[in-house]
Amino acid sequence: MELNVELVELRLEGGLLAGRIHVPVPVQITAGQYFLAASGRPDEALAAVVFPAGNMDGWLDLAPPLPSAWSAGTLLHLRGPLGRGFRLPVVRRVALAALDGITARLRLLWNQALVQGAEVALFTRRIPASLPDAVEVLPLESLPDVSGWAEYLALDGTLPQVLEWKSRLAFPGVAAEALVNLPMPCGGMGECGVCSVRTRRGWKHACQDGPVFDLHELEAL
Ligand code: FES
């Protein structure tokens with residue numbers, strides 16, 4: 001889907017720019033999918049990768065960080081949703097970990113888990129400003145203790161962070177996925193290869209095969 005939209009609201013979340021746009025048509029989004037947003041500004045040659053953090057009543061919330069040059073009223077050409085998102089199974093206990101401290105990219109996922117009636121634990125070093133009471137916040141360092149509790153684990157961070165935490169966690173038999181946050185300049189249109197990720201099944205493109213991967217499949221470079 002391609003849309004021309006206006007950035008109607010900007011706010012700071014954890015010191016980073018987040019925003020909101022109005023979308024004139026309903027958009028079906030899976031948590032973990034992303035959009036490419038081009039502002040057309042001469043100093044922004046490449047579209048920005050933006051992740052939705054909310055999708056309700058014609059409004060789409062965009063997770064931080066947004067480009068610092070954007071302001072309320074900035075016109076955006078939006079392409080998406082793109083890529084493969086999270087595949088949350090029907091489980092009772094869900095553990096989510098924001099490895100880089102940005103929890104907003106996981107917001108759609110914890111909302112989905114709560115709708116399914118699951119208990120949700122969020123592991124992070126930065127407590128988000130607004131959070132449903134039902135989501136328990138725990139320090140990221142306590143994540144290794146969760147392996148016997150969670151039936152589903154989702155990590156979100158850069159590729160080095162995801163690989164480091166994968167090596168520190170024991171989660172046999174647990175469904176586990178990771179949103180690998182890395183540059184995706186062409187979104188698969190140009191096959192630039194910048195987003196290459198190594199998996200047990202060979203090299204994959206995060207822009208199309210991810211950015212959410214089965215954590216068991218990811219391999220170190
Ligand atoms: S971003 Fe270019 S191939 Fe993935």
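We count ligands from 1, going down the list as the structure has it; atoms in each ligand are counted the same way. None of the values given here were measured: they were computed from a predicted structure. The chain is numbered in sequence order, starting from 1.
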- Task: Evaluate the criterion side-chain contact (heavy atoms from CB on, under 4.5 Å) for residue pair D145 and L138; output intermediate values, then yes/no.
- Result: CA-CA 11 Å; D145 305 334; L138 295 163; over 6 Å; no
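- Judged as a salt bridge (Lys or Arg N to Asp or Glu O under 4.0 Å), and not counting sequence neighbours, R93 has no contacts.
- A salt bridge (charged side-chain N to carboxylate O under 4.0 Å, His left out) check over residues 167-181, counting only residues at least two apart or in different chains, returns the pairs R84-E177, E164-R168.
- Within the protein, the number of N/O/S atoms found under 2.8 Å from atom 2 (Fe) of ligand 1 is 2.
- With hydrogens and angles left out, the side-chain atoms of H22 and E6 include no donor and acceptor closer than 3.5 Å.
- Partners of R107 under the side-chain hydrogen bond (donor to acceptor under 3.5 Å, both in side chains) rule, at least two apart in sequence or in another chain, are E13.
- Under the 4.0 Å criterion applied to side-chain N and carboxylate O atoms, R201 and D214 are not assigned as salt-bridge partners.
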